Amino acid sequence: MEMSSLGGIPYYILEFGDELVYFSPYTVSLFLLALVFTMFAVMAKPERQVDIAFGGDAYYAKETSLQELRFRRFMAIACGFASMGAMLTGDIFNFTLFISLVGICNVGIVAAVKNRHVQNAAYQYGIVALSATVPLFGAAALIAATTGTLSMVELWSSATPAVPLVVKALLVLGVMGEGMAPFYAAKAEMFRAPGAPYVIMCSLSSLLIFLRVIEVVLVI
Amino acid sequence: MIIQRISRIISNYEMIMPLFAGAVSVLFVVAIFSLPLPYYEEQLYPKTIDPASPLNPYERGGPPFTQVTINDQYPENSPTAGYVTSYLTPFSWYLANTTLYLGTTIVAHPGGILDEILYNTRGLDTVVETTILFIAFAIASYLYRKG
């Protein structure tokens, strides 16, 4: 499949050493989405959870300590930067590196909430995200071994040998494992007060890396 | 009915990890049996073996501090590519000039072994290294949660 028919004709190709970063309509729109939501994470304040005592008119408001707020905000911003990098890069290995960075940041966002239930979910997600790096980097290594290049620009030209289907499947499976954070966040009921609003970054980064890997797999 | 049962199993988030691991294992078995075994000949880092060199088998070609050959993807972007690949400290440079065994000494180090594995597997060692990290994490987290 042609690059131009899928992601649009690149506006600009940034030549950066032995790699290329390219700005096509598709990658730029995903990049802007990541940028806007990172700005939201910078500006937003954490939600407070309110528990109402049943049978009376008392309620408890849970405070988020400044230390916890700082850590969660840092993780959300780092996750935003990692997804911005994953959106724009034109190199398979850099792509897998950014994806695994997104996964690690998502573990941090989920694990920052001091709640036993949430921490158990974060532990399980951490194991999945770590084991997903094996098919992810394995796919990058196999692409280098079977075609001799890691550049998406080289791979979408017909001069290089075709990437085997099973290697593409490994890449997609790796991205699936890294992007599984929203499932665990939903299971731990984090989308309400305990993790909000930073947990939105989990969902957004997962959505973005899924959208990008579809483009990558169809192009190479 | 069967969907109900599957969804009940998957709704327990502790089941996701075994399912994912199973999928990865199946895909790796398929990959091992279906991939063509010969590698692409024209690699990014060409290498020649020179048994007479004191840096053998670590010899990357060319004298230190000057350029060696790397097959760039975009040579026009990296005019200085390859300058650092044959870097030697003054002490190593002295050893290489006086003995014949610096290369085997480098290869006997863990870093040298990793470098040789990296070269000879064409990057597949990234899989081995992530697996090592993963196993270390699994052991550490098991001990942490146990204690």
Side-chain angles (χ1 to χ4, degrees), chain A residues 13-20 90-91 93 96-97 100 119-121 123-151 153-155 160-161 164-167 169-174 176-177 180 183-188, chain B residues 10-21 23-44 70-82 118 121-138 141-142 144-145:
Chain A
I13 294 181
L14 178 66
E15 295 176 344
F16 190 65
D18 206 19
E19 297 150 11
L20 298 180
D91 185 274
F93 189 66
T96 55
L97 277 179
S100 56
Q119 303 243 301
N120 273 335
Y123 176 78
Q124 294 289 333
Y125 170 58
I127 291 179
V128 170
L130 269 173
S131 54
T133 54
V134 180
L136 202 59
F137 289 117
L142 286 171
I143 287 171
T146 50
T147 65
T149 180
L150 283 167
S151 160
V153 182
E154 296 286 323
L155 285 168
T160 51
L165 191 65
V166 68
V167 175
L170 277 175
L171 188 68
V172 171
L173 193 68
M176 273 172 68
M180 221 181 262
F183 180 82
Y184 287 95
K187 271 288 168 191
Chain B
I10 296 180
S11 71
N12 178 11
Y13 64 71
E14 299 194 343
M15 286 302 294
I16 296 296
M17 201 261 291
L19 278 174
F20 184 77
V24 172
S25 315
V26 168
L27 213 51
F28 263 116
V29 169
V30 172
I32 286 167
F33 281 109
S34 73
L35 280 181
L37 285 177
Y39 284 116
Y40 186 72
E41 290 294 324
E42 210 178 297
Q43 293 293 331
L44 289 177
I70 291 179
N71 286 346
D72 284 343
Q73 279 170 158
Y74 308 101
E76 66 278 10
N77 295 340
S78 310
T80 56
L118 170 70
T121 59
R122 267 79 166 168
L124 254 176
D125 74 309
T126 47
V127 179
V128 182
E129 280 164 19
T130 45
T131 312
I132 292 169
L133 276 177
F134 171 59
I135 290 169
F137 174 80
S141 65
Y142 173 74
Y144 180 75
R145 278 161 69 92

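Keep in mind the model is a prediction, meaning the values are calculated, not measured. So you know, we letter chains A, B, ... as the sequences are listed, proteins then strands, and number each from 1. As a basis for the values below, the full set of heavy atoms in this structure was taken, side chains included, without hydrogen atoms, waters or symmetry mates.
- When all heavy atoms of B:Ala31 and A:Leu170 are compared, the pair lying nearest together is CB-CD1, 4.3 Å.
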Which donor-acceptor pairs under 3.5 Å do side chains of residues 127-134 of chain A form with protein atoms, sequence neighbours excluded?
residue	atom	partner	partner atom	Å
A:Ser131	OG	A:Ile127	O	3.0
A:Ser131	OG	A:Val128	O	3.0
A:Thr133	OG1	A:Leu130	O	2.4

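- Proximity to chain B is absent for every atom of A:Tyr125, based on heavy atoms less than 4.5 angstrom apart.
- Here the CG-CZ distance, from A:Leu173 to B:Phe28, works out to 9.0 Å after rounding to the nearest 0.5 Å.
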Only distances under 3.5 Å count here; give the side-chain donor-acceptor pairs of residues 12-19 of chain B to other protein atoms, sequence neighbours excluded, each with its distance to 0.1 Å.
residue	atom	partner	partner atom	Å
B:Asn12	OD1	B:Glu14	N	3.3

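- Looking only at heavy-atom pairs under 4.5 Å with chain B, the residue among A:Ser151, A:Gly177, A:Pro164 that has the most is A:Ser151.
- When the candidates A:Leu165, A:Leu136, A:Asn120 are compared by the number of heavy-atom contacts under 4.5 Å with chain B, A:Asn120 comes out ahead.
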